[in-house]
Amino acid sequence: MEISACFLAASLLLLSSFASATDSKNNPADELVSVINSNRTSHKSPALFDNAGLGCIALQYIKAYQGQCGEVGDSKKPPDSSFVDTFAPNCGVEAPTLAPVTGRLLACQSTYVSPEAAFNILIENARSLQILHDKNHTEVGAAVSGTDGGAPYFWCVLFSNGTRNSSFAIQGGVAKTVRPGCFSGNNDDCSGASSLSSALWTMVAAAWIAVACCFGM
């Protein structure tokens, strides 16, 4: 392979890795919401509106655990006052538009799993299944985040009975970017583990091609 053609191939591969890493279509939080709605409709419950404001708050809910997997459980959760005092301001959600949270699902894993696998982990018993199919829900927001960009990985789903397009309203209509992590309902790029992992390996491949070019391989 000629050096110029070799470097061109490496450059194209590198560019593709950046594109895949920032493709919001690969948002695992949105994928989790799709799995949730598919399961609900298959059990005769209505699909839920994917609310970006609620999704961002779900990501803030994760961050309240500060990477401590052992604190995930029914007995330990952020105080309700955090929604007004911390979560909403950090997301740019207007406090007067906050609606009741009618259900919460939270899981923590030492390794990253697919949204489908995360769904199965979240729905671990009859209580979580009841929360999933509750017909009082009208909206949903989901989030996934690692801790400092790595393990452990948290998945969170918040349900609400708010009114579509008026509850959890975001100032200016655009949710604040929060890193690390992804939340559903927005069009921002995603720093989810799956997309970044794939992009990282693509960058490594590009680097090896560049090295091969230099040594005439």
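The chain is numbered in sequence order, starting from 1.
- Contact detail for Pro28 and Val144: the closest heavy-atom pair is CG-CG1, 3.6 Å.
- In this structure, a donor-acceptor pair under 3.5 Å is present between the side chains of Asn125 and Ser128.
- Looking at Thr147, its side chain does come within 3.5 Å of a backbone N or O of Pro152 through a donor-acceptor pair.
- Contact of the Phe119 side chain with the Ser114 side chain is not registered, since no non-hydrogen atoms from C-beta on lie closer than 4.5 Å.
- Remark: Asn120 engages no residue in a side chain to side chain donor-acceptor pair (under 3.5 Å) (not counting sequence neighbours).
- Hydrophobic clustering of Ile, Leu, Val, Met, Phe, Trp and Tyr side chains at less than 4.5 Å, counting indirect connections, keeps Phe49 apart from Leu158.
- Within the model, atoms CD1 of Ile36 and OG of Ser45 stand 12.5 Å from one another, a figure rounded to the nearest 0.5 Å.
- Among all heavy-atom pairs drawn from Tyr153 and Gly146, the shortest one is CD2-CA, 3.5 Å.
- Looking only at distances, a side-chain donor or acceptor of Arg40 sits under 3.5 Å from a matching main-chain atom of Pro46.
- Across Gly185 and Ala52, no two heavy atoms sit closer than the pair O-CB, 3.3 Å.
- In this structure, OH on Tyr61 lies 15.5 Å from SG on Cys56, to the nearest 0.5 angstrom.
- We find the SG-CG distance between Cys182 and Leu32 to be 11.5 Å, quoted to the nearest 0.5 Å.
- Asn37 places a side-chain N or O within donor-acceptor distance of the main-chain N or O of Leu48, the cut-off being under 3.5 Å.
- The two residues Ala143 and Gly55 make their nearest non-hydrogen contact at CB-O, 3.9 Å.
- Criterion: ILVMFWY side-chain heavy atoms under 4.5 Å apart, direct or through other members. Under it, Val140 and Leu129 are part of a common hydrophobic cluster.
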Exercise. Given side chain to side chain contact (heavy atoms under 4.5 Å, CB included), test Ile62 with Leu106 step by step and report yes or no.
Key: CA-CA 8 Å; Ile62 287 174; Leu106 183 68; 4.3 Å; yes
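- If you take NZ on Lys135 and NZ on Lys44, they are separated by 10.0 Å, rounding to the nearest 0.5 Å.
- If you take CH2 on Trp155 and SG on Cys108, they are separated by 12.0 Å, rounding to the nearest 0.5 Å.
- Looking at every heavy atom in both residues, Pro180 comes nearest to Ser145 through O-OG, 3.3 Å.
- Contact between Glu31 and Pro115 at its shortest, heavy atoms only, is OE1-CG, 3.4 Å.
- We find the CZ-SG distance between Phe154 and Cys69 to be 4.5 Å, quoted to the nearest 0.5 Å.
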Would you tabulate the side-chain donor-acceptor contacts of residues 88-103 under 3.5 Å, counting partners in other chains and residues two or more places apart, or write 'none'?
{"residue": "Asn90", "atom": "ND2", "partner": "Gln60", "partner atom": "OE1", "Å": "3.0"}
{"residue": "Asn90", "atom": "ND2", "partner": "Thr86", "partner atom": "O", "Å": "3.4"}
{"residue": "Thr97", "atom": "OG1", "partner": "Glu94", "partner atom": "O", "Å": "2.7"}
{"residue": "Thr97", "atom": "OG1", "partner": "Phe168", "partner atom": "N", "Å": "3.4"}
{"residue": "Thr97", "atom": "OG1", "partner": "Ala169", "partner atom": "N", "Å": "2.9"}
{"residue": "Thr102", "atom": "OG1", "partner": "His137", "partner atom": "ND1", "Å": "2.7"}
{"residue": "Thr102", "atom": "OG1", "partner": "Phe159", "partner atom": "O", "Å": "3.4"}
{"residue": "Thr102", "atom": "OG1", "partner": "Ser160", "partner atom": "N", "Å": "3.4"}

Quiz item: Would Ile131 and Arg127 satisfy side chain to side chain contact (heavy atoms under 4.5 Å, CB included), going step by step from the backbone distance to the final call?
Solution: CA-CA 6 Å; Ile131 293 173; Arg127 173 58 180 157; 4.0 Å; yes
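- Partner of Ser184 under the side chain to side chain donor-acceptor pair (under 3.5 Å) criterion, out of Asn51, Asn27, Asp50, Asp30: Asp50 alone.
- In summary, of the residues considered (Val33, Ile57, Leu54, Leu59), a side-chain contact (heavy atoms from CB on, under 4.5 Å) with Phe183 occurs for Leu59 alone.
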